[in-house]
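Note sheet for the following structure.
Along the sequence shown, the residues carry numbers beginning at 1. Computed from heavy atoms alone, side chains included, the values below leave out hydrogens, waters and symmetry copies.
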Amino acid sequence: NIAFNSEQPGTAIAEIIDYTGRTVYKKTLTISSGYNQKQIKIPSLSSGIYYLRINSDKLIKTETILIQ
């Protein structure tokens, strides 16, 4: 589950990036203005540290995630 705030409605791109910088998952999300909570189903990935990046017109957010 991911949660974030947006100033305006629209779309955002959710990406999971591995330690080499390669995008291993990418999905377009529909967002509303204000608080957003989305669930993304992560494909079978090897255990390790990845980065989750949310990118829209007014927001770029990157978080570290751990896959076990």
Side-chain angles (χ1 to χ4, degrees):
N1 291 320
I2 57 173
F4 56 92
N5 288 306
S6 178
E7 294 179 13
Q8 63 186 20
T11 59
I13 306 287
E15 292 179 282
I16 297 177
I17 302 161
D18 70 9
Y19 69 93
T20 66
R22 184 178 61 129
T23 299
V24 294
Y25 174 84
K26 188 174 189 177
K27 182 176 180 178
T28 301
L29 306 172
T30 302
I31 57 174
S32 57
S33 59
Y35 181 76
N36 289 269
Q37 185 173 354
K38 302 288 181 181
Q39 182 180 44
I40 49 176
K41 296 182 190 254
I42 297 174
S44 56
L45 297 173
S46 300
S47 297
I49 296 174
Y50 294 83
Y51 300 98
L52 170 65
R53 180 185 302 151
I54 305 295
N55 190 354
S56 71
D57 291 339
K58 299 248 177 179
L59 169 77
I60 297 176
K61 182 176 183 177
T62 303
E63 298 280 334
T64 303
I65 58 173
L66 176 63
I67 305 291
Q68 296 182 333

Using the rule that two of Ile, Leu, Val, Met, Phe, Trp, Tyr join whenever any of their side-chain heavy atoms come within less than 4.5 Å, decide whether [X] and [Y] are in one cluster.
| X | Y | value |
| --- | --- | --- |
| Ile17 | Leu29 | no |
| Ile40 | Ile54 | yes |
| Ile31 | Ile2 | yes |
| Tyr25 | Ile65 | yes |
| Val24 | Leu52 | yes |

Return the minimal non-hydrogen interatomic distance between [X] and [Y], and the atom names on each side.
| X | Y | value |
| --- | --- | --- |
| Tyr35 | Asn5 | CA-OD1, 3.2 Å |
| Thr11 | Ser56 | O-CB, 3.4 Å |
| Ser6 | Ser32 | CB-O, 3.7 Å |
| Lys26 | Thr23 | CB-CG2, 4.2 Å |
| Lys61 | Ala3 | NZ-O, 3.4 Å |

I need the [X] [atom1] to [Y] [atom2] distance, nearest 0.5 Å.
| X | Y | atom1 | atom2 | answer |
| --- | --- | --- | --- | --- |
| Leu45 | Ile16 | CG | CD1 | 6.0 Å |
| Tyr50 | Thr64 | OH | OG1 | 13.0 Å |
| Ile60 | Ile13 | CD1 | CD1 | 11.5 Å |
| Leu66 | Ile49 | CG | CD1 | 6.0 Å |

Just wondering, more than 12 heavy atoms not from Phe4 lying within 6.0 Å of its CZ?
yes
Examine distances only and state if a side-chain atom of Lys38 and a backbone atom of Thr30 form a donor-acceptor pair shorter than 3.5 Å.
yes
